[in-house]
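Scroll down for the structure; my scribbles are underneath it.
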Amino acid sequence: NIETRDMPTTAGSLALAANAPGRDAPLVARLRDAGALILGKTNLSEWANIRSSQSISGWSAVGGQTRNPYDPARTPCGSSSGSAVAVAIGLAPVAIGTETDGSITCTASVNGVVGFKPTVGLVSRTHVVPISHSQDTAGPIATTVEDAAIVLSVIAGSDPADPATAEADARKVDYRAALDANSLRGARIGVMRFLSPSYSAETRAEFERALAALRAAGAEVVEIEQAPTDLRAIGGWELTVLLTELKHGLNAYLASTDPAQVKTRTLADVIAFNAAEPRETVLFGQDLFEKAQATRSLGDPAYVEARARSLRAAGPDGIDRMMAEHRVVALIAPTTSRAWTNDPKDEDEMQGSASRLAAVAGYPHLSVPMGFDRGMPVGLSFIGGKWDDARILSLGYAYEQVTKERRAPPLP
């Protein structure tokens, strides 16, 4: 879903199968200018998991089903499924994913790699197929925090075409140079215990081992038992925001494509295309697209109120309040539990997620390999305040150096 001048940008949809505008997204141009070789594109959850409430992570009509390399019957999570799997199996040293809520961090966690969602506005979103201008960001996926930091140093920066990045040039640093293997020493780290009941018992046990490693590295672990805000209410507001912004953003993106290549010029056109194309709806429908189409403008009072409430609840009254009241420099929790199965009909489902507060607030979120849950990798999440990207990467790097938990998937 990130444009490159030499390959189609399909978002996994047959409606965009011929979408090859011959331009690089600014983040791609930055990578090429720094000497990176763009090897290819990877599969993703179609339309970044926003088409249907029943979507299957890692599946798209263009690419089929992405498989988890530790167990092909289990999910690679999504939506940046192929990005994480490609890195996990060594097809590339690093990849770029995009996240609106969990799409970098969850995929990194269940595929045993490092994933970093930067502060929204640090990396340009121009020529990236959108969901939400409030929450979308691209970020690196790698086998080490150092490699992720190297890539972030390249792709971060202001873009006149993306107003959210106005502060990026002033805020960015050399993220690799900022890594400090001793950064946990004396650091107060907040444990989001209020998330614990949602994780599997095995992941909770791995988390306790991670806490012991943090203490051994000199960190002061601070327990946060109560959620600072109503997480369920945030989820409701978030959905209103995402669906409203999806309609506005996708219509604008489609209008920027070549009409000779892309016949679907609006979200309504895409909905009609899917309804007439059996290959698109063979596994699930498009209820979220239909709900997005029914939304009104960005001036709709319901949308404006939902965005204001969700942003305040997740940011100032959420992450910021926890960090201030408990005097901590970062928050931690398991990223998620083991990968669930690809079968939508069984009862093996996702257990726990640390992504929502950071996603809605637009704050940095890093997932680093933490251990294994029934043989499947799980990650440890480090979350900080706005523009705390360098510190979060450094804390994750210090944890990684102490634990070295990553184990590559078995060879086929």
To the nearest 0.5 Å, how far apart are CZ in Arg356 and CG in Leu195?
10.5 Å
Salt-bridge present (Arg74, Asp348; N to O < 4.0 Å)
yes
Residue pair Ser79 / Ser45, side-chain donor-acceptor N/O under 3.5 Å
no
Heavy-atom distance under 4.5 Å between the side chains of Val222 and Ile189, does that happen here?
no
Between the side chains of Arg193 and Glu225, is the shortest nitrogen-to-carboxylate-oxygen separation below 4.0 Å, so that they form an ion pair?
no
Would you call Asp6 and Arg32 a salt bridge, taking side-chain N to carboxylate O under 4.0 Å as the test?
yes
Under 3.5 Å, is there a donor on one side chain and an acceptor on the other for Thr266 and Asn251?
no
With no hydrogens and no angle check, is any side-chain donor or acceptor of Asn43 less than 3.5 Å from a backbone partner on Gly58?
yes
Do the side-chain N and O atoms of Asp101 and Ser355 include a donor-acceptor pair separated by under 3.5 angstrom?
yes
Result of checking Asn1, Asn19, Thr9 against Tyr253 for side chain to side chain donor-acceptor pair (under 3.5 Å)
Asn19
Strictly below 4.0 Å, N to O, side chains only: are Glu46 and Arg51 in salt-bridge contact?
yes
Taking every heavy atom of Ser57 against every heavy atom of Gln65, the minimum-distance pair comes out as O-NE2, 3.0 Å
Check for a donor-acceptor pair, side chain of Gln293 on one end and backbone N or O of Ile271 on the other, with a separation under 3.5 Å.
no
Given 3.5 Å as the limit, does a donor-acceptor pair link the side chain of Arg176 with the main chain of Ser153, or not?
no
Would you please say whether a donor-acceptor pair under 3.5 Å links the side chains of Thr119 and Asp389?
yes
Is a donor from one side chain sitting under 3.5 angstrom from an acceptor on the other, for Ser367 and Thr335?
yes
Donor-acceptor contact below 3.5 Å, side chain Lys291 vs main chain Leu243
no
Please check this pair: side chain of Glu405 against backbone of Pro369, looking for a donor-acceptor N/O pair closer than 3.5 Å.
no
Would you please test Glu280 and Gln286 for side chain to side chain donor-acceptor pair (under 3.5 Å) and show each step?
CA-CA 9 Å; Glu280 284 289 350; Gln286 52 181 338; over 6 Å; no
Asp373 and Ser337: side chain donor to acceptor below 3.5 Å:
no
Verify the neighbour count for atom CD of Glu223: are there more than 12 heavy atoms of other residues, nucleotides or ligands below 6.0 Å?
yes
